[in-house]
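Below: one structure, written as structure tokens.
Numbers here are sequence positions counted from 1. Because only heavy atoms are used, hydrogens play no part in the values below, and waters and symmetry mates are left out as well, while side chains stay in. Not measured: the values here are computed from a predicted model.
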Amino acid sequence: MTRFAGKYSLYLYREKGVDISEQPTGVPVLFIHGHAGSYKQVRSIAAESTFCYYRHYARDPDKANGVSNLDFFTVDFHEEFSALHGQSIIEQAEYLNDAIDYILKLYPQTRKLNPLMSKLPDPSSVMIIGHSMGGIVARAMFIMNNYQHGTINTVITMSTPHLLPPVPFDWKISQLYDNINSYWQNAFSKQAIEDDDKLLSQSFKDIAIISMAGGTLDNTVCSDSTNIGSIVPESHGFTVFSTAVPGVWTATDHVSILTCNQLVKVTSRTLLDIVDVRRGSQTKPLHQRMEIMRHAFLDGLDDRKGDGSDLKLGNLTLFHFVESEVIYLRPGERLVIEDVPIAKMVLMPTVAIADAFSLLTDTKNEMNGRFEIYLCSKIDDSVPNSTKIGCRSANSISVPIPASTENDFTPFSGRTFSFSSIRFEEMGSFTYLGIIDNGTGGFLMAEPFKIQKNTHVVGQSMLSIALEGVHLNIAPNLFTSIRIPSIENPILAYHLKVSRPNCRLYNTHFTPFLRQSISTMHESKFYVNLAGSEDETEISIHGRTAFTSAVSSQRNAEKSGLSFQVWMDPVCPESLQMDLFIDWYGSAGRLGFRNGIMFATFSFIVVMLVFVSQIRCYNDSGVFPNFGQGLSHCIQRSLPFVILCIAVCSIAQCTSPSPIYTFEDLWYIPSARFSWQEIMTGNTDAFFWWIPIAGLILSVGIISSLWLVVEGVLRIMAHGVLFLSRQCTLSSWPLPRQQETSYQQIQRRVITTLILILLVATFIPYQFVFVIAFFVQIATCVRSLMTLWISTDRIDHKKSSRYNYMLSILLLCFTLLPFNLPILLVWIRNLSVHWFVPFSSDHSVLSIAPFMIYIEILISNRKMLPRQRNR
């Protein structure tokens, strides 16, 4: 039994008409929805998994080798705002650990109802799918006291912000993130492995975690923060974008990542492939699960080592052909096969002027397909007019990529090409690349190439790129690589223009297309059917998020930065022109999306600077200037000095060493090396040293606009109150308390304050009192403005100063609202679902008592800030 049974609920999903049993007898999978999500969001993946199992596995005993149907459990958090409140995540994690214990206890009884499952071991662990903050809840389960070791072995998160909270205004959620990430990092550390730490061996040794990101369409969670490269090693997990998943090749928004048809199919099939009900964990061993998920979710274009040790070749096969059935190409000759076969087998020899082969076809390279790929060597044969060749199948080097023809406008059109690339070093003792042609239809192109010659490294700095752009003229090769080391920061967006106009005169087999990728995450995007129009292609990347270390799977500096892989039909002899330049308008949006907390913080700083300027003027002259005058004085005097200090700190931050580390490096680097990343915007890119200054200047504009709006609203409210008071024949508003003595006033205020303090200490969060004080301050400002208007003196500096002072306090409260409203929203949401148990946090009386008492004092018409005459 769990103490949160009255707050949360657990459900079992069943597909009516398909699932045979209403009871769970398969493999348990737990779905965790995110912030304000619904337990019903499990339907897409659960339904597809059910149909996939009964269509492809249940009817084929050969495929169902240890595979069983999946039992999807889903939990209803009543659309709780978990992204706003760290305590809600802790409560959800505690409940889910109890729920897993309950789920696993169901199977010893329910599996007895199925004769096929009764002889199998009972499940000892579950798989978890977490969407958005549900992924953080899944990782938080491991640090809870009620977590039972080994009850979770596979976690798939979708659009989960692993590195930083999306709304970091609650101190507890920021602390919880630090605790979760530190716990996971320590569990996989070298020290834990060497010491055979019990924590690792029981809880994390068999854990596989995959983080999926939606990319540029996800405007709710910044995909930069989905990177788990600094949290888990590659042996246990990786980060992948939906644009990189084979067969998906499209970005998804925050919600549709759960319903994207292509991605749902791939995910469901992968979940079934990693199942093995013959084992207690109900899944295959870790290395097999990771291999299956890498094959399913990664495109395979960057994973090979390059020395041949990881090639999966078929058994040695001897082929006997008559001489007319085999064609030997000349060294360096390009191969083009169209609809009609030119020979049974074509052999391409290795050549000294090249070091790799590239091959592209519009059919799938597989056994008994149109084309088959082999690594071959010629064997001496005494039989005249015949050729004997020893080969091993190399179809495994082929990877699917989107088709690019004049009829393809998106990479997810459904049509695919197959691309293969192999270094001569990987071929070992084999001296030929063999292509067997089994039929008609389609095309194939292959050519040897020199990797260094076909790789372009752009040595321009970011400043040069910003001023001039990047302009490349690429020779007509089948496959070309381009790398721009300077482009790593995800803040900027780009426009790409590709042109090759004269190729329309040639009978080309496909239109140019390219793939972009980065080294820090498995993010790649395909852009098809280029060079066919004057339209520009929008380019954007994701990478290191602020306040984190740059962690890559490889330390090799030769793979850093933005990379492009370009495919073009070499039948057309014209070179391809590429022009890349910055999209400043799109970059402004990305800057704001990634630095929202900066604007909130700088806005508070600007109001405080203005407030200090006003107080200084008040102490000198006895007149408290209005906010506009204080802002003008601040811009002229104090703000330039603050900008200079921020510029110095930002430049020092950006010029500090910021190398890219591998996961293993993190345990041997002193924490002081990362200290600069903990201040201001967390930026370490020298080109973007100006971002904090731009943020401060924009914050001045934000505060100026806020001041004008607030003052306008206050004046409208004051006019409205005066109008109503005249209509209702009231002498003034609020009604005066002249009959109250000073003792009665103090008594009333003390009682009110004590009641609020008691409520904060027991039931309501202190943020509720802050909001009440905020509205009280609005009423006080309206009263001060009305008092100023009805004053008999033409120029009443005392009342004018009091109103200006009250308005500045109100603007200060406005800048603090983002830090207090989220918790209040969570509390109100809990009340709406009839959960009246008090928060176990956010009851700090000392956090709100000084502010509350001061606002209570300001209610009086006579009280104001004391003037300091002697300084």
Side-chain angles (χ1 to χ4, degrees), residues 2-9 32-41 75-96 131-134 136-137 140 161 165-177 220-221 254-255 596-597 600 710 713 752-753 755-779 810 812-849 851-852 855-856:
T2 174
R3 63 193 181 107
F4 297 107
K7 186 178 183 182
Y8 306 132
S9 305
I32 309 173
H33 69 74
H35 169 86
S38 170
Y39 68 101
K40 297 179 181 179
Q41 289 175 309
V75 62
D76 185 7
F77 292 136
H78 299 288
E79 301 179 4
E80 192 168 37
F81 298 157
S82 54
L84 305 179
H85 192 220
Q87 184 62 31
S88 297
I89 295 177
I90 293 175
E91 293 175 357
Q92 291 178 7
E94 180 181 336
Y95 173 81
L96 288 173
H131 175 241
S132 187
M133 295 304 294
I136 295 299
V137 175
V167 187
F169 297 132
D170 175 30
W171 67 270
K172 192 156 190 175
I173 198 171
S174 298
Q175 183 185 61
L176 179 62
Y177 261 76
T220 303
V221 168
H254 192 66
V255 176
I597 185 67
V710 170
V713 171
T752 303
T753 303
I755 291 175
L756 288 175
I757 289 176
L758 180 62
L759 289 175
V760 169
T762 56
F763 181 69
I764 64 175
Y766 70 80
Q767 291 85 356
F768 178 77
V769 177
F770 175 85
V771 174
I772 290 179
F774 171 75
F775 285 111
V776 169
Q777 184 63 19
I778 292 178
L810 179 61
L812 185 63
C813 294
F814 258 107
T815 61
L816 293 175
L817 270 181
F819 300 92
N820 291 276
L821 275 181
I823 306 301
L824 182 61
L825 293 176
V826 175
W827 182 67
I828 294 174
R829 179 62 188 171
N830 282 351
L831 294 181
S832 68
V833 297
H834 309 292
W835 181 253
F836 302 108
V837 177
F839 279 7
S840 57
S841 63
D842 307 300
H843 294 286
S844 175
V845 174
L846 296 179
S847 298
I848 195 62
F851 188 82
M852 182 172 56
I855 294 295
E856 184 67 30

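By the 4.5 Å heavy-atom criterion applied to side chains, I173 and M133 are counted as neighbours. Contact check for L821 versus F770: no side-chain heavy atoms found under the 4.5 Å cut-off. Inter-residue side-chain proximity for L810 and F774 is flagged as met; some heavy-atom pair is nearer than 4.5 Å. Looking at heavy atoms from C-beta onward, S832 lies out of side-chain contact with H78 at the 4.5 angstrom threshold.
Nearest heavy atom pair, residue I136 against residue P161, reads CD1-O, 3.4 Å. Among all heavy-atom pairs drawn from L176 and G86, the shortest one is CD2-O, 3.7 Å. Summarising the geometry of G34 relative to S132, their closest heavy-atom pair is CA-CB, 4.1 Å, with the distance given to 0.1 Å. When all heavy atoms are compared, the tightest approach of V826 to S88 is CG1-OG, 3.6 Å. Counting all heavy atoms, side chain and backbone alike, P818 lies closest to F169 at O-CD1, 3.1 Å. Across every non-hydrogen atom of Y95 and S9, the tightest pair is OH-C, 3.3 Å.
Checked against E80 for a side chain to side chain donor-acceptor pair (under 3.5 Å), the options Q92, H85, H33, H35 give a single hit: Q92.
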| task | Take K172 and I89 through the test side chain to side chain contact (heavy atoms under 4.5 Å, CB included) and record every step on the way to the result. | result | CA-CA 10 Å; K172 192 156 190 175; I89 295 177; over 6 Å; no

| field | Full working for side chain to side chain contact (heavy atoms under 4.5 Å, CB included) between I823 and Q87 | value | CA-CA 10 Å; I823 306 301; Q87 184 62 31; over 6 Å; no

| message | Using the rule given for ring-ring contact (aromatic ring centres under 6.0 Å, His included), can you reason through Y39 versus F77, listing the C-alpha separation, both sets of side-chain angles and the distance that settles it, and then say yes or no? | response | CA-CA 8 Å; Y39 68 101; F77 292 136; over 10 Å; no

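Aromatic ring pairs are classed by plane angle as parallel below 30°, tilted from 30° to 60° and perpendicular above 60°; the pair H254 and H131 is tilted.
Separating the CG atom in L824 from the CZ atom in F81 is a distance of 11.0 Å, to the nearest 0.5 Å. One finds the CD1 atom of I778 at 5.5 Å from the CZ atom of F814 (value rounded to the nearest 0.5 Å). Between the CG atom in N830 and the CG atom in L825 there is a gap of 11.0 Å [rounded to 0.5 Å]. The CD atom of Q767 sits 11.0 Å away from the CD1 atom of I828 when rounded to the nearest 0.5 Å. Between S82 atom OG and E91 atom CD the span is 11.5 Å, to the nearest 0.5 Å.
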